[in-house]
Structure formats: structure tokens, C-alpha cells
Amino acid sequence: MIRRRLFALGAGCALLAHGAAAADLALGDPHLSVVTRTADEAVRIAQITTPATMFDAPEPFEAKSAGAATVRARPDSEAFSQSAANLTFEQELTFKLGNGWFKKLWVSSPSSTLASDGLGPLYNARACQRCHLKDGRGHPPETSDDSAVSMVLRVSVPAFQTAQLRDIDRYLAALDGDQATPPMRPDPVYGAQIQDVAVQGFASEGKIDIRYSEQPVTMSGGDTVWLRKPDYAVVEAGYGALSPEAVLSARVANPMIGLGLLDAISTDDILAHADPDDANGDGISGRAQIVWSDVHDQPMLGRFGWKAGSPSVLEQSAAAFSSDIGISTPLVPDPAGDCTALQPDCVAAIHGDGDVRGTEIDAAGLDLVAFYASNLGVPARRDVDDTQVLRGKAVFYETGCAACHVPKYVTARLAGEAKAAQSFQLIWPYSDLLLHDMGEGLADNGPEGRATGREWRTAPLWGIGLTRQVSGHTYFLHDGRARSLLEAVLWHGGEAQKARDTVIQMDPTQRNALLRFLESL
């Protein structure tokens, strides 16, 4: 693994007040070449990103979810697999090369196909595309015979010893004081994730076992909605029992659209929505996730993943190669992937590194994958001027949903050709990218970085209405427990409890309009 330098805590941390306000976090955007906004631009951006107050007509540019990068909404399963509309001809070629890497099927070592070997030995999928089929949303296995390839089971245990603390743990402890989230570590045997497949000659780590119990929710109008609550276990464990302290958290694959645009929102614009102490008294207290960047060797704002555990598309891609496929990269160079020292045969196995590539995927290949992931186009909105959709949009705002699912941003103005497609675009992701307490019902009890076991990143909503068309199902939330958008809303608790209760109590015509609005996104 890359050796990390200890963050200089001394005088810097002395300046961090207990429970420091979001405005005091000097995280910056080291992954972006930001051109400072002019005073005139700042005024225009503040005007155009002001929340809507009138709902009798669409807002200007509302149909173009990703600004100039928006693509037409195809009527088939390829709706999420188009390149951003504003790429140059040369960038289109780079995008297609990245798509090839994204679909590449990796094979075990040794192999005559040296450019493709290095799989595992323990893994969840042989290609990025296997988890993110059609670049869409993953789902839990529907039957005992169904594949779990687009769902993974994360595993962690408490960090009991000071020696287990990392630089980022010390930074967060200094930042949050007594409110700091207790750090967790990968399971000493099974690592950070259960790999349910293995190459020949190795045992997989086990299989995901899901048992659901159902609970009713009675809606105004008399309808009853049944929510299914999952309970997770590992069966057929290949390397002995898990630690008694092990915490399991299931995660389905996130949709891939618009990632480069989320990457291009300035940290300051995201932190402007944070209110960790609920200073305005609205019950919403979004917090910034802060993670360590191996690329920039400093703390950064977390943006990607269900708990915002990665700071950039590039680092998220490298982490997925390691944990999901067992492929080493320059950022995560361990060829054994998520194998641990207590799995010595896996660590000692023949791997695919050490040839001309260096690691099993080299820097050029990783960059191509990150470029592809950054430039998948967001489909245009449908029916933005439909009367019921506009009524549902009003309900969305009145109910308080827009407090976390922040509708729009203008991305940073970026220097250089590489990020031109993401530069200075008005986008509509419907997320603040912050951590929120979602209540005990959705808690996985697995802290991650600054996130507690009850906190999750606000999921972007753009494209959510195309889920069935692209992915063939309507499973939502971090583990796919919700079988519809309404079920997803009804699982909201914690900071969203008031909004959830309002949805239950509202007139059915208003509720149907709200769902119709969500389906238009």
C-alpha cells in the first residue's frame, strides 16, 4: 500500500475549534485547476441557484440536467451509457477507450494474456461493468439462485489500539473532539469486504445471506405500504468465523452518470449547505465527510460512495479495482487486493504485477477508466412542464426534501482541456453531497470516516426515474431494500423524519404528484 505521511497536527489542529463550523474547514480542491470566479459571476451564480419559489412553469434550463453535457433521454437500457454531449472528437475516442477498460474481463494469473491477468485471487466481479451493468443501479439478489454481483457486503471492526489509528483519524479527532466518530478497521481476517468469488484453487470468503422481515405503514387514504427490513449474515465462510465485533453493511452499486460534474462542484459551494449544529433550527444538520487523499496527501471533502468515503472519481475507481476485482493500481498497489495477512496463501499467490505495466492496471489505464466514469452523460429531464410534475415539484419543496436534495449548482470554472466538459455548467443533481442522520431504521452501525452508523450521503436523484428502464428493477437505498420510490421515502428517518411523516399524512393526490415529479428526474 502507498505509505501515508502523518498529517501535521500541531499548530494546524490547535486552530480547529471543537465541532468546527463548515465555513472553517479549509479543505480546498487540490484535484481541480479552479479559475477564481469574478464578482459578477458570483452574483449571477447566486441568482440562478436560488431555490425555486414559483411552480407554475419550469425554471430556465431545468430540462438540461447536466448543462451542456446533457444527453437526450433514450428510451432503452442504454440511457446511462452515452458520453457527455460536450466532449470533443478526441475526447470521444478517450471515452471509448475508457469504456473498453470498464468492460474488460480480468483473468487469473499466470496467463498468456498479460494485459488482462491479475484477477483476485478473491473478488466480487471480473469487470467494472459486471457490478455497474449498463452503468446503472445495483440490486440485492432476488432469490437464492440470483447473483449478488452488484451488491457487496462491507465488514469492519472497532479500532482498539492507538497503533491502529491513521493520520486521518487523528485529524478528525482534533476536528470533532468528543463528537469524533470512533474509528473502525477492516476485519483482521476478511478485510474490508466479503469477496464471494475466488479463482481456481482458492476458497471464496463466503456468501451473503439476507433475511427480510416486513412492517406495515398506513398512509392517508387508507393504503398500506409494507417495508422490508433486511438482516445480513455471511454463510459458507471460507476462512473461519468473523470477529464477534464485526459490523456488516450491504451496499449496492451506485449509478455512474454525472460523476465528473459532481467532482467539479467546488468544495466551498458544498460546504455552504452544511449546518452541523443546526444553527437555523430547521432540523437538518448536514455534515461534511472528510477523507484522506493518497493522491494529494492531505484531507479532502468526501463526495463518492454511500457514505462519501472517496474524494474523487480517480480514487474511487482505484479503490473499486482493489476491493471488488483484486486488481492493483498505482494508487492501491497491493496485488492481493483486500486479502489480509491472515490469508497467507492469497497474499503469496501468483499475481499479475511486475511486468511492463508495473501494477496490474497501470496509470494510463486507470486514468482512462476515470475519464470514462467522469464523462457518462446525464439524460435530459422528461415532462418538466407537465402540470402534475410541477405540482409534485412544489410538494417536494414544501415538504422540505430540497433541504438535503439540493437541486442545482454551477460547477467550478476549470482551466485546461481535460476538464472542459465539466467546467462552469449549471447542473441539477438534487443532492448536497453531505452526511445526514437518517435514523435508526437505516442505520448500519458501521462508521466510516466521519460518518456515524446512522449517517449517509444524500443520494443524487438525477436519472432516478429511468431506473427500471436501465437496470430492470426499482430497488433503491444503499442496500436495495426499498422496492419503489415511495418505499424509499418511507424509510427516511432522523433528520428526514418530519418530511417522511408529512408524506404519510398528505392527501394522496399530492403524494402521487410528488412521485410523478421524482419519476421525471
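- Applying the side-chain hydrogen bond (donor to acceptor under 3.5 Å, both in side chains) test to residues at least two apart or on different chains, the pairs with a partner in residues 400-411 are E59-K408.
- Scanning for ring-ring contact (aromatic ring centres under 6.0 Å, His included) contacts around H296 gives an empty result, with sequence neighbours left out.
- Residue pairs meeting the salt bridge (Lys or Arg N to Asp or Glu O under 4.0 Å) criterion with at least one partner in residues 234-259, sequence neighbours excluded, are R251-D444, R251-E448.
- Pairs of residues two or more places apart, or lying in two chains, that qualify as salt bridge (Lys or Arg N to Asp or Glu O under 4.0 Å) and include a residue from residues 121-144 are E78-K134.
- Applying the ring-ring contact (aromatic ring centres under 6.0 Å, His included) criterion to W106, with sequence neighbours excluded, gives no partner residue.
- Of the N and O atoms on the side chains of D269 and H273, not one donor lies less than 3.5 Å from an acceptor on the other residue.
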(request) Go through D145 and T143 one step at a time and tell me if the side chain to side chain donor-acceptor pair (under 3.5 Å) criterion holds. (result) CA-CA 5 Å; D145 297 326; T143 67; 5.0 Å; no
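- In this structure, the side-chain contact (heavy atoms from CB on, under 4.5 Å) partners of N254, at least two apart in sequence or on a different chain, are W306, R457.
- Applying the salt bridge (Lys or Arg N to Asp or Glu O under 4.0 Å) test to residues at least two apart or on different chains, the pairs with a partner in residues 512-521 are D383-R516.
- With sequence neighbours excluded, no residue forms a disulfide bond (SG atoms under 2.5 Å apart) with C404.
- A pairwise comparison of heavy atoms in R303 and L433 identifies O-CD2, 4.2 Å as the closest pair.
- Judged purely by distance below 3.5 Å, without hydrogens or angles, the side chains of S204 and D196 never pair a donor atom with an acceptor atom.
- Judged as a ring-ring contact (aromatic ring centres under 6.0 Å, His included), and not counting sequence neighbours, Y212 has no contacts.
- A salt bridge does not link K498 to D501: none of the charged side-chain nitrogens sits closer than 4.0 Å to a carboxylate oxygen.
- Considering all non-hydrogen atoms of both residues, G260 and V313 come closest at N-CG2, 4.4 Å.
- Take C339 and apply the disulfide bond (SG atoms under 2.5 Å apart) test, not counting sequence neighbours, and it matches C346.
- Among residue pairs with one or both ends in residues 471-486, those qualifying as salt bridge (Lys or Arg N to Asp or Glu O under 4.0 Å) are E214-R483, D479-R481, R483-E487; sequence neighbours excluded.
- In this structure Y239 satisfies the ring-ring contact (aromatic ring centres under 6.0 Å, His included) test with no other residue, sequence neighbours excluded.
- No close placement of the W456 and H436 rings is indicated, their centers lying 6.0 Å or farther apart.
- Salt bridge R454/D437: present, at least one basic N to carboxylate O contact under 4.0 Å.
- Defined by atom type and a distance below 3.5 Å, a donor-acceptor pair is present between the side-chain atoms of S220 and R511.
- Ionic pairing of E62 and R381 is present here: one or more N-O contacts between side-chain nitrogen and carboxylate oxygen are shorter than 4.0 angstrom.
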